[in-house]
Amino acid sequence: MKSSQTSDPQLSNVTVGGASRPPRLNFGHWLGVIPFFVFSGLFLIAPTLILAYRSLEGANGGLTLENYQQLVSDTVISAYAMSIKISLTTAILGGLIGFLIAWVVSMGGLPPRFRLITTTFSGVAANFAGVPLASAYVFTLGRVGLVTALFKMFGVELYKNGFSLYSFLGLILVYLYFQIPLMVLTILPALDGLKREWREAAENLGATPVQYWSRVAFPVLMPSILGTMILLFGNSFGAHATAYALTGGLFNLATLLIGQQISGDVLHNPGLGYAVAMGMVIIMAFSILIYSILQRRSERWLK
Amino acid sequence: MSYLSISHVTKQFGNTVVVDDFNLEIEKGEFVSFLGPSGCGKTTTLRMVAGFEIPTSGKILLDGADITDKAPNQRNVGMIFQSYALFPNMTVAQNIAFGLSVRKESREMITQRVDEMINLINLEKHATKYPYQLSGGQQQRVSLARALAIHPQVLLLDEPLSALDAKIRVSLRAEIRAIQKKLGITAIFVTHDQEEALSISDRIVVMNVGVMEQVGTPFEVYNFPTTVFSANFVGSLNNASAEVVNPASGFISIDGVQFESAVDLTQRKSGDKVRVAIRPERLSFASEQKKANVVDATIENITFLGSVVRIRVKIGGTKFNMDTFNNPFLDLPKIGAVEQITCSREAVLVLDE
Ligand SMILES: Nc1ncnc2c1ncn2[C@@H]1O[C@H](COP(=O)(O)OP(=O)(O)OP(=O)(O)O)[C@@H](O)[C@H]1O
Ligand SMILES: [Mg+2]
């Protein structure tokens with residue numbers, strides 16, 4: 001009964017869109033999306049084009065590849081490397097931890113209210129970044145932070161054991177604060193998309209739970225998991241405010257480097273900044289491409 | 001001892017009894033349908049045989065072994081779901097191979113069995129396709145092949161055809177029946193479609209809110225329903241309350257009009273309230289030689305249904321449907337006319353009120 005209801009609208013769609021009427025361009029249909037096109041034109045495409053142009057502009061005007069040649073310097077390469085390293089680490093860690101949380105929430109027999117609490121908290125935390133996030137961490141894990149003090153009470157001196165909030169490890173902890181919830185939010189629908197019948201069919205055919213997970217559930221989820229991890233990668237790769245607020249721009253990250261070159265007084269070299277930014281745009285575009293390929297595949301499976 | 005024995009099985013969810021003292025013996029190679037309205041416990045009963053639900057009480061024996069509490073993956077029972085439940089990340093061939101590969105069968109054996117199954121369901125051209133590239137009917141055939149590949153002792157089908165459109169439904173049910181006969185496999189088929197159950201089964205279990213109403217061959221269930229529910233649910237039916245007039249001679253009276261029934265009424269007393277059921281196709285216009293059960297009827301309405309013409313008549317104060325086969329020379333009476341109609345003594349079923 002239920003499925004005949006869901007299949008009927010699909011059937012009628014096919015006949016209307018596919019066979020009888022050829023699609024016609026109707027201005028009315030497009031009216032609603034004009035704000036979107038105007039917005040993306042103004043704030044995405046135009047800035048990218050300007051950026052591309054500026055990155056090719058020499059210090060004294062004229063087009064040149066000079067800026068790009070400077071990319072192969074130690075500072076720039078190590079900034080990219082550090083950005084990628086942090087983004088990869090937080091994407092993988094955030095992805096794994098987030099997946100486990102989402103899995104517990106959706107599979108385990110926890111009360112429904114727990115799920116609501118988790119998603120609400122994740123919705124807030126995933127968007128918590130920049131100065132407020134950095135301050136929150138300074139208050140808790142900074143040199144005189146609350147948690148640091150708590151550890152001290154139990155005889156563990158975090159900062160004497162090599163920990164620093166203003167280091168690679170510290171930055172990862174801070175980034176995970178928004179990476180994990182983002183993973184939870186994006187992977188929960190995919191976990192919900194696993195049909196109960198798949199598990200039962202597998203069991204019925206003799207599969208153990210491990211076999212079901214390794215041969216059916218995990219492969220089905222894989223595009224979503226990888227896709228979301230790429231999203232996390234991009235999320236952390238482009239983060240600027242949090243890192244800046246926490247380390248005061250002293251940490252060598254690609255985003256911070258751009259800031260120094262474009263608006264800094266000491267290292268002022270806008271052309272180089274633009275080129276570094278262009279490099280980031282390309283890396284981001286590439287991740288989004290892979291993301292959308294994986295996303296399309298998982299949609300097909302989970303529909 | 002029968003092959004599959006479900007004895008005194010009861011299932012409760014909380015305080016609600018969903019299946020109540022279910023008893024059924026199924027022979028090897030038999031095709032049994034569970035027929036009943038939505039929510040009557042068909043799926044729950046099937047899921048207890050598959051091991052997805054554990055009976056609150058009662059036993060299930062398969063080939064002599066008690067499987068009541070066995071885990072689903074320890075039973076050798078094939079299940080077909082209404083929604084096909086094919087694994088979306090696997091091709092047709094990989095889906096069919098799944099049960100064998102989790103059993104760690106040899107590669108040659110798996111390949112051979114998969115080929116066999118693909119031939120059986122005629123999907124040779126689609127072996128490397130993914131489920132989303134197949135039609136609903138094709139997907140259900142794959143799921144049939146996947147279930148059969150492991151040589152299950154029993155095949156369980158839970159409304160396997162109800163998501164498909166009418167034409168495919170009819171052709172696939174014939175295909176399922178043919179394959180079941182060919183392999184000699186024992187099968188339980190759940191449906192709420194009486195025509196489906198009548199056409200495909202060796203035996204039908206008519207179910208109503210958790211209890212079995214009647215078990216019998218399609219012929220028995222249709223022609224000799226034993227309860228009002230089963231009479232009403234299987235086929236269309238006229239039924240009216242009546243009173244026993246003479247138990248010895250089989251006379252009953254519907255609202256003052258006497259009918260003679262072939263049913264043995266000697267257990268009842270004169271004046272007992274009963275329910276009389278007559279199939280519409282058993283009523284006909286009376287010809288001269290008919291003697292029993294000839295009554296006057298007023299023609300109230302005539303509906304053309306294609307191969308059948310349904311005539312609504314009033315006998316005494318009671319309205320009946322009468323079905324007669326359509327033919328171009330049919331001489332239909334006028335609305336409002338009074339005609340003599342009749343039915344045989346065997347057509348008059350007498351059930352408990
Ligand atoms: N896990 C469960 N918990 C509580 N109640 C349940 C559960 N499963 C089934 N029921 C109830 O048991 C009754 C029988 O359900 P079942 O699915 O067996 O019916 P069915 O005959 O298969 O109906 P349908 O034709 O709609 O599929 C229904 O009232 C249903 O709500
Ligand atoms: Mg059901």
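Lettering of chains follows the sequences in order, A, B, ..., and the numbering in each one begins at 1.
Smallest separation of non-hydrogen atoms from Ala201(A) and Ala85(B): CB-O, 4.0 Å. Residues Gly206(A) and Val102(B) come closest through the heavy atom pair C-CG2, 3.9 Å. Glu200(A) and Phe81(B) make their closest contact through OE1-CE2, 3.5 Å (heavy atoms, listed as atom of the first residue, atom of the second, distance). A pairwise comparison of heavy atoms in Asn89(B) and Pro219(A) identifies ND2-CB, 3.2 Å as the closest pair.
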* Asked: Between Asn204(A) and Phe52(B), does a side chain to side chain contact (heavy atoms under 4.5 Å, CB included) hold up when you go through it step by step?
  -> CA-CA 9 Å; Asn204(A) 178 253; Phe52(B) 296 123; 4.0 Å; yes
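Residue Arg196(A) holds its CZ atom at 9.5 Å from OG of Ser83(B), rounded to the nearest 0.5 Å. Put simply, CD on Glu197(A) and CD1 on Ile80(B) are 13.0 Å apart, with the number rounded to the nearest 0.5 Å.
For a residue to count as touching a neighbouring chain, one of its non-hydrogen atoms must lie under 4.5 Å from one of that chain's; by this rule Ala71(B) does not touch chain A. Both the backbone and the side chain of Ser101(B) come within less than 4.5 Å of a heavy atom in chain A. Proximity to chain B involves both the backbone and the side chain of Arg215(A), based on heavy atoms less than 4.5 angstrom apart.
For Trp103(A), the CH2 atom is loosely surrounded, since the number of other residues' heavy atoms within 6.0 Å does not exceed 12. A 6.0 Å sphere centred on CZ of Phe13(B) holds more than 12 heavy atoms belonging to other residues, nucleotides or ligands.
Under the 4.5 Å side-chain criterion, counting only non-hydrogen atoms from C-beta, Trp198(A) is not in contact with Leu86(B). In this structure the side chain of Leu205(A) reaches within 4.5 angstrom of the side chain of Phe87(B), judged on heavy atoms.
Listed for the Glu203(A) side chain is no donor-acceptor partner under 3.5 Å among the backbone atoms of Asn73(B).
Most heavy-atom pairs under 4.5 Å with chain A, from the set Arg75(B), Met90(B), Arg146(B): that is Arg146(B).
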